[in-house]
Amino acid sequence: MKPIFVSYAHEDKKRVRSLVEGLEEFRDFWSDWDDVPPGYNWRREINRGIRQSSCVLFFVSQASIESEWCLEELRVAIWWRKPVLPVVIQTGLKLPRSLYNSQWVILSDDNDQNIKEILSGLAACERSFPWKAIALVEAIALVVGAILYGIAASG
């Protein structure tokens with residue numbers, strides 16, 4: 001099963017990490033704190049993480065919707081046609097337009113309920129998405145890109 005990509009603002013890292021650690025008992029997650037080794041190209045690893053994920057867990061806060069990097073992760077997820085599950089950790093915010101059609105999870109003080117709702121939302125994201133067709137398109141795109149690169153390099 002593909003991992004779930006975690007998108008969050010670093011100002012929210014403590015809360016997000018605590019929640020994700022509770023979810024890891026049930027699913028595999030891709031996060032920058034675990035999956036980007038020191039010295040690696042951060043942007044390339046983030047893009048790879050999104051591309052290889054089954055969906056994106058986007059933690060919504062004032063910091064994340066103002067973060068150039070979080071919004072870039074959201075754009076990359078949309079580019080790769082990954083379903084996005086918004087998890088609202090700060091209410092009263094205007095969400096990015098790209099999240100208007102997504103059903104949100106709004107965190108409460110009940111951590112067990114939060115985990116249950118997020119897992120339910122992730123299951124719905126994965127059920128409703130044509131993974132095999134997307135994987136085939138991604139594979140074709142990589143092969144065509146490699147062929148074109150080979151032609152350009154030899155020519």
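Atom OG of residue Ser31 and atom CD of residue Glu21 lie 8.5 Å apart, to the nearest 0.5 angstrom. In this structure, the separation between CG on Leu74 and CD1 on Ile65 is 11.5 Å, given to the nearest 0.5 Å. For the atom pair CD of Glu117 and CG of Asp112, the computed distance is 11.5 Å after rounding to the nearest 0.5 Å. The NE2 atom of His10 sits 8.0 Å away from atom OG of Ser67, with the distance rounded to the nearest 0.5 Å.
No continuous path of ILVMFWY side-chain contacts below 4.5 Å connects Val6 to Trp30, so the two sit in separate hydrophobic clusters. Under a hydrophobic-cluster definition in which Ile, Leu, Val, Met, Phe, Trp and Tyr are linked whenever side-chain heavy atoms come within less than 4.5 Å, directly or via other members, Ile115 and Ile89 are assigned to the same cluster. Hydrophobic clustering, with ILVMFWY side chains joined whenever heavy atoms are under 4.5 angstrom apart, groups Phe29 together with Val105. Linking ILVMFWY residues whenever their side-chain heavy atoms come closer than 4.5 Å, directly or via other members, places Val87 and Trp33 in the same cluster. Clustering ILVMFWY residues whenever any of their side-chain heavy atoms sit less than 4.5 angstrom apart, transitively, puts Ile46 in the very cluster that holds Val84.
Here the side chain of Gln90 pairs a donor or acceptor atom with the backbone of Gln62 at under 3.5 angstrom. Looking at Ser18, its side chain never comes within 3.5 Å of a backbone N or O of Arg15 through a donor-acceptor pair. With hydrogens and angles disregarded, no donor-acceptor distance shorter than 3.5 Å links the side chain of Asp28 to the backbone of Ile4. Under the 3.5 Å distance criterion, the side-chain polar atoms of Asp12 are left unmatched by any main-chain donor or acceptor of Tyr8. Distance alone, capped at 3.5 Å, is enough to place a donor-acceptor pair between the Lys82 side chain and the Ser53 backbone.
Here the side chains of Ser54 and Arg27 are in contact, with some heavy-atom distance below 4.5 Å. Taking 4.5 Å as the limit, some side-chain heavy atom of Thr91 sits within range of a side-chain heavy atom of Ile106. Within the 4.5 Å cutoff, side-chain heavy atoms of Leu19 are placed close to those of Phe59. Counting heavy atoms from C-beta outward, Leu23 and Leu119 have side chains that approach closer than 4.5 Å. Counting heavy atoms from C-beta outward, Ile118 and Leu107 have side chains that approach closer than 4.5 Å.
Phe5 has its ring centre no less than 6.0 Å from the ring centre of Trp80.
Pairing each heavy atom of Ser61 with each of Leu93, the nearest pair is C-CD1, 3.3 Å. Looking at every heavy atom in both residues, Cys70 comes nearest to Ser7 through O-OG, 4.1 Å. Considering all non-hydrogen atoms of both residues, Ala77 and Val56 come closest at CB-CG2, 3.6 Å.
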* Asked: Would Leu85 and Leu122 count as a side-chain contact (heavy atoms from CB on, under 4.5 Å) if you check the C-alpha gap in whole Å, the side-chain angles of each, and the deciding distance to 0.1 Å?
  -> CA-CA 7 Å; Leu85 178 62; Leu122 292 172; 3.9 Å; yes
* To do: Report the C-alpha separation of Asn114 and Ser108 in whole Å, then their side-chain angles, then the decisive distance to 0.1 Å, and conclude whether the side-chain contact (heavy atoms from CB on, under 4.5 Å) test is met.
  => CA-CA 7 Å; Asn114 293 335; Ser108 68; 3.3 Å; yes
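Listed by first then second residue, pairs satisfying salt bridge (charged side-chain N to carboxylate O under 4.0 Å, His left out) with a partner in residues 62-80 read Glu72-Arg75, not counting sequence neighbours.
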